[in-house]
Colleague: 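The structure under discussion is supplied below as structure tokens; questions concerning it will follow.
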Amino acid sequence: ESPSYWFIFQDRRMLVETGGDRPTPPMALRLADLGLETGRVHYLGNLGDRPCFAADAAPGAAPPPGLAWMDMYRVYMDSAPDLFRVAGRALQVVDWDRTRRYCSACGRLLVLDSRERVKVCRGCGRQVFPRLSPAVIVAVSRGPEILLARSPRFPGGMFSTIAGFVEAGETLEETVAREVREETGIRVEGITYFGSQHWPFPDSLMVGFTARWHSGDI
């Protein structure tokens with residue numbers, strides 16, 4: 001029996017080993033081996049040949065010796081991509097379980113289904129799946145230039161391409177055009193799909209595009 005990866009969260013911080021070059025979740029045969037009290041445990045599948053589990057720790061719980069709580073943005077910046085994919089999924093599942101406890105229609109307690117990842121209201125039958133919020137991010141070019149923007153909440157010196165959430169009734173391409181226009185005042189053309197990425201901040205699917213400047217000044 002090989003040890004499992006344990007993706008354990010306290011709010012939006014993940015428990016990581018502190019000794020290596022990159023943050024990694026602790027490994028143990030059983031959750032009890034970590035000496036940390038948690039809520040419900042969720043099976044996530046395997047990373048390589050190691051089973052992966054997620055759980056929510058109590059607020060204020062101290063990390064076990066040799067481990068530390070790390071903000072998920074740091075985990076994203078410093079960890080291996082395949083590990084972050086599982087960590088992001090783990091955070092979304094834990095956050096969903098933590099925040100979707102009662103039925104929004106009738107107020108009854110939701111029950112976790114044993115066959116798939118869904119919660120069911122035994123009162124009105126409503127099903128509640130983990131939420132996924134589509135968002136777009138776009139690299140706008142004008143010749144050799146690329147459009148970057150800065151939010152007041154960013155750390156010093158940090159800039160980003162334009163991004164935003166999809167609104168009801170929009171296509172992804174319409175969202176790209178609207179977000180660029182709202183944030184910078186310019187219009188774009190040649191909107192082309194580039195790729196997608198899970199983005200657990202808090203529960204997004206980030207859909208990437210490229211586009212060309214058409215008109216307008218910054």
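The figures that follow rest on heavy atoms only: side chains count, while hydrogens, waters and symmetry mates do not.
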Colleague: Who passes ring-ring contact (aromatic ring centres under 6.0 Å, His included) against F201, sequence neighbours left out?
Modeller: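 Residues passing ring-ring contact (aromatic ring centres under 6.0 Å, His included) with F201: Y73, W199.
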
Colleague: What is the minimum heavy-atom distance between M70 and P23, and which atoms define it?
Modeller: SD-CB, 3.7 Å

Colleague: I186 pairs by side chain to side chain contact (heavy atoms under 4.5 Å, CB included) with which of I162, V140, D217?
Modeller: V140

Colleague: What are the two closest non-hydrogen atoms of D203 and Q92, and how far apart are they?
Modeller: CA-NE2, 3.2 Å

Colleague: Apply the hydrophobic cluster definition, ILVMFWY joined by side-chain contacts under 4.5 Å directly or through others, and give me every member besides M158.
Modeller: F154

Colleague: Between V138 and I191, does a side-chain contact (heavy atoms from CB on, under 4.5 Å) hold up when you go through it step by step?
Modeller: CA-CA 9 Å; V138 54; I191 298 171; 6.0 Å; no

Colleague: Of all the heavy-atom pairs spanning A105 and R126, show the shortest one and how long it is.
Modeller: CB-NE, 3.4 Å

Colleague: Determine whether more than 12 heavy atoms belonging to other residues, nucleotides or ligands lie under 6.0 Å from atom CZ of R187.
Modeller: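 It does not: R187 CZ has 12 such atoms or fewer within range.
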
Colleague: Who pairs with E189 by side-chain contact (heavy atoms from CB on, under 4.5 Å), at least two apart in sequence or on another chain?
Modeller: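 In terms of side-chain contact (heavy atoms from CB on, under 4.5 Å), with neighbours along the sequence ignored, E189 is linked to R212, H214.
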
Colleague: Carefully, step by step, assess V75 and F84 under the rule side-chain contact (heavy atoms from CB on, under 4.5 Å).
Modeller: CA-CA 7 Å; V75 175; F84 178 72; 4.2 Å; yes

Colleague: Output the distance between atom OG (S196) and atom CD1 (I137), rounded to the nearest 0.5 Å.
Modeller: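 If I round to the nearest 0.5 Å, the distance is 12.5 Å.
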
Colleague: Could you check whether K119 pairs with D97 (Lys NZ or Arg NE/NH1/NH2 to Asp/Glu carboxylate O, under 4.0 Å)?
Modeller: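 D97 and K119: salt-bridged.
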
Colleague: Check for me, please, whether V93 and M206 land in the same ILVMFWY cluster - side-chain distances under 4.5 Å, paths through other members count.
Modeller: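 In one cluster with V93: M206, yes.
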
Colleague: Report yes or no: does Q197 contribute a side-chain atom to a donor-acceptor pair with the main-chain N or O of L205 at less than 3.5 Å?
Modeller: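 Side chain of Q197 to backbone of L205: no pair is present.
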
Colleague: Are D82 and R85 within salt-bridge range, i.e. N to O under 4.0 Å?
Modeller: no

Colleague: If you round to the nearest 0.5 Å, how far is OG of S2 from CG of L29?
Modeller: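 Reported value, rounded in 0.5 Å steps: 8.0 Å.
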
Colleague: Would you give the length of the straight line joining atom CG of N46 to atom OG of S4, rounded to the nearest 0.5 angstrom?
Modeller: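 The CG atom of N46 sits 8.0 Å away from the OG atom of S4.
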
Colleague: Inspect the contact between R115 and D113 and indicate whether a charged nitrogen and a carboxylate oxygen are less than 4.0 angstrom apart.
Modeller: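 Salt bridge: yes.
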
Colleague: Mind checking whether L132 and V207 sit in one hydrophobic cluster, side chains of I, L, V, M, F, W, Y counted as touching below 4.5 Å?
Modeller: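 Linked, L132 and V207 end up in one cluster.
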
Colleague: Which value, rounded to the nearest 0.5 Å, describes the distance between Y193 atom OH and T210 atom OG1?
Modeller: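 Nearest 0.5 Å value for the OH-OG1 distance: 11.5 Å.
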
Colleague: Can you confirm whether E37 is buried at CD, in the sense that more than 12 heavy atoms of other residues, nucleotides or ligands lie under 6.0 Å from that atom?
Modeller: no

Colleague: Should we say atom CZ of R142 is surrounded by more than 12 heavy atoms from elsewhere, each under 6.0 Å from it?
Modeller: yes

Colleague: Determine whether M27 and L47 fall in the same hydrophobic cluster, where Ile, Leu, Val, Met, Phe, Trp and Tyr are linked whenever their side-chain heavy atoms lie under 4.5 Å apart.
Modeller: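 Both belong to a single hydrophobic cluster.
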
Colleague: Apply salt bridge (charged side-chain N to carboxylate O under 4.0 Å, His left out) to residues D71 and R12 and explain how you reach the verdict.
Modeller: CA-CA 6 Å; D71 182 82; R12 301 192 68 79; over 6 Å; no

Colleague: Within a 6.0 Å radius of atom OH on Y76, are there more than 12 heavy atoms belonging to other residues, nucleotides or ligands?
Modeller: no

Colleague: Would you check if there is a donor-acceptor pair between the side chains of R131 and S133 at a distance under 3.5 Å?
Modeller: yes

Colleague: Closest approach of P130 and R117, non-hydrogen atoms and distance?
Modeller: CD-O, 3.4 Å

Colleague: To check you understand the geometry: which heavy-atom pair defines the closest contact between Y102 and G107, and what is its length?
Modeller: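 Minimum heavy-atom contact is CD2-O, 3.6 Å.
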
Colleague: Quick one: does any side-chain atom of D33 pair with a main-chain N or O of R30 as donor and acceptor, under 3.5 Å?
Modeller: yes

Colleague: Are the side chain of R89 and the backbone N or O of L44 linked by a donor-acceptor pair below 3.5 Å?
Modeller: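 Between the backbone of L44 and the side chain of R89 there is a qualifying donor-acceptor contact (under 3.5 Å).
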
Colleague: Below 6.0 angstrom between ring centroids: does that apply to F7 and H42?
Modeller: no

Colleague: Passes salt bridge (charged side-chain N to carboxylate O under 4.0 Å, His left out), D56 versus R98? Steps please.
Modeller: CA-CA 8 Å; D56 193 22; R98 180 199 301 145; 3.0 Å; yes

Colleague: Given a cutoff of under 4.5 Å between side-chain heavy atoms of I, L, V, M, F, W and Y, with clusters grown through shared members, what are the other residues clustered with W6?
Modeller: I8, L15, L31, L34, L36, V41, Y43, F53, L67, W69

Colleague: Which pair of non-hydrogen atoms, one from A177 and one from V188, has the smallest distance, and what is that distance?
Modeller: CA-CG2, 4.3 Å

Colleague: By side-chain contact (heavy atoms from CB on, under 4.5 Å), which residues pair with T175, not counting sequence neighbours?
Modeller: V136, V166, E170, R178, E179

Colleague: Measuring centre to centre across the rings, with the benzene-like ring taken for any Trp, is F209 within less than 6.0 Å of F194?
Modeller: no

Colleague: Output, in order, the C-alpha distance, side-chain angles, deciding distance and verdict of side-chain contact (heavy atoms from CB on, under 4.5 Å) for C124 and C103.
Modeller: CA-CA 9 Å; C124 66; C103 177; 3.6 Å; yes

Colleague: Would you give the length of the straight line joining atom OG of S79 to atom CE of M14, rounded to the nearest 0.5 angstrom?
Modeller: 6.5 Å

Colleague: Which residues pass the ring-ring contact (aromatic ring centres under 6.0 Å, His included) test with F9, not counting sequence neighbours?
Modeller: none

Colleague: Under a 4.5 Å cut-off applied to non-hydrogen side-chain atoms, are R13 and M72 in contact?
Modeller: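 No; the side chains remain at least 4.5 Å from each other.
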
Colleague: Can you tell me how far the SG atom of C121 sits from the CG atom of L110, to the nearest 0.5 Å?
Modeller: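 Here the interatomic distance stands at 6.0 Å.
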
